[in-house]
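Written below as structure tokens is the structure these notes are about.
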Amino acid sequence: MRARTLLVMCAAALGLHALLGVWPPLGSIDPLLVVAVIATLPGRPGAALGAGLLTGILEDAWAGGWFGQHALTHATVAYLLSILAARVDLVQLRPAMLALVVASVADWGMQLSLAVMFGKSLGDPPGATAWSIAIVGNTLLGLVVRRVAVGDDAMR
Amino acid sequence: MTERQATIAFLITASVLLGVLAQQVRRDDGGSALAHIVRMATAPVVHGVLGGAHRVRDGWRGYVALIGARRENEEARRRIARLEAERSRYLELLEENRRLRELLDLSAPEAFPGGVVGRVIGDLTSGPLRRRVLVGRGVRDGVREGWVATVHGAVAGRVVEAGSRSCDVMLIVDPDSGVAVRHELDRFSGVLRGGNRGPARLEYVPRDHPVAVGDPLVTSGLDGLYPPGLLVGHVRELFDDSPLTWTIAVEVAFDPGALEELLLIPPLGPLPLGTDGNPS
């Protein structure tokens, strides 16, 4: 994915993030994570790490709280998926869907793990509905972004 | 960027981000999460090192304490032994003091101004016919031959030989002893002879005198040796050895075998004074 495309997608994802936040249930959807995942599909670890780091920092700046939390989770997810993508073709529809599902689960899982590790109270952790919305929303949004990226020939 | 380089970059990035995160998190104890993680990671090593150091320190302290305790124990044992000896000495002195108090209270120096208290330092009894004791007072203490030995206000004997620092006292239970006595109630008198191992005897007592077992006998002073009025003993048994007289067995008022101190007084000195100051 070209850097310019990535930046445009990040900007769009931020805007979408703001819109989705209007209706709280959809706030579980993470457009920036979706962008990072789509950026990993070509299987270039360096680019994927950069994309994950960028989207994570943007998300940290957007969401507030601990700075670096999303940067770490996005970068980790993107790096690991890129390692996988270097061996398995994740650009195809089904592998891409699976990657989006796994990435959604892994991202939240790591965020919860970090909270536990640093002694932060989980309060009322996200329930099955929130998990489902996040996974389905991220996957659907990811397929749309993938379609745009493929159409833009950005998946090379 | 190769996969290897990306991996290194990822590890560095992840580490930096974890450090940034940990530095932001403040724990309840006021420390940062980073410091907490570092402590958690190094805890086993620190515990091992400190635990070993503590064990060495505790062992050394225990050894030092043990040495100290042993010394204290030895010192305590010596002290206990010393205190035991002092206690025995103290009890001995206490008992002696009690005896002397009794002696002096009953035959007070005021009653016998020239009296001298002497300790029995030897038993001169030899054979069946001598009942004498050696007393640690002599001519240097003012004691002379013929002085009367009393104990607890009762007559015990008489000084028959006075040395410079000691004297021989013939007890009234000696067969050679004779004491002029009087029945304290009926006032008849007689001469008490020592019975050595047995009771002293008062012989030739007319049978018309009422005598009962337990009646007290005191010195009469008629012999010119003993001051009158001193207790001698009590009637123990009556023997009707003839149709006209009694022979009275007398239990002397002291234990000849348990004499420790005697009050030596001049013969026929002033009469013992009662509490009202009159002769008793």
Side-chain angles (χ1 to χ4, degrees), chain A residues 1 3 6 36 39-61 63-88 90 103 106-107 110-122, chain B residues 1-69 72:
Chain A
M1 182 179 287
L6 179 65
T40 65
L41 297 182
R44 291 191 287 272
L49 180 61
L53 197 57
L54 175 63
T55 58
I57 290 173
L58 287 174
E59 182 122 17
D60 284 329
W66 292 343
F67 186 82
Q69 181 181 7
H70 291 95
L72 179 60
T73 59
H74 285 199
T76 304
V77 167
Y79 169 73
L80 293 177
L81 281 178
S82 70
I83 296 294
L84 183 62
R87 292 162 178 75
V88 180
L90 295 180
D107 183 65
M110 279 194 289
Q111 288 191 43
L112 293 174
S113 299
L114 285 173
V116 171
M117 189 171 82
F118 290 126
K120 183 178 180 181
S121 172
L122 295 179
Chain B
M1 182 182 285
T2 64
E3 187 174 314
R4 176 183 168 82
Q5 291 171 332
T7 301
I8 294 173
F10 167 72
L11 291 176
I12 294 173
T13 302
S15 300
V16 170
L17 288 172
L18 271 175
V20 170
L21 278 172
Q23 195 58 36
Q24 295 173 75
V25 179
R26 307 300 297 183
R27 294 177 54 81
D28 295 339
D29 57 8
S32 69
L34 181 60
H36 177 68
I37 291 172
V38 171
R39 281 199 299 270
M40 294 265 296
T42 57
V45 178
V46 173
H47 275 259
V49 172
L50 288 182
H54 286 168
R55 277 192 291 276
V56 171
R57 184 195 62 190
D58 293 343
W60 175 252
R61 285 182 178 173
Y63 173 73
V64 171
L66 192 61
I67 295 294
E72 288 180 2

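Excluded from the calculations below are hydrogen atoms, water molecules and symmetry mates; all remaining heavy atoms, backbone and side chain alike, are included. Only a predicted model underlies this, so the values are computations on that prediction, with no experimental measurement involved.
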Contact origin within [X] toward chain B - heavy atom pairs under 4.5 Å:
X     : value
A:F67 : both
A:L72 : both
A:A86 : side chain

Can you tell me which portion of B:T2 sits under 4.5 Å from chain A's heavy atoms? Options are side chain, backbone, both or neither.
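Looking at B:T2, nothing touches chain A.
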OG1 on B:T13 to CG on A:L49, rounded to 0.5 Å
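It is 5.0 Å, given to the nearest 0.5 Å.
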For B:A6 against A:G46, the heavy-atom pair lying closest together
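What the structure gives for the nearest pair is CB-N, 3.8 Å.
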Give me the one residue out of B:V20, B:L17, B:L21 that meets side-chain contact (heavy atoms from CB on, under 4.5 Å) with A:Q69.
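Single pass found, and it is B:L21.
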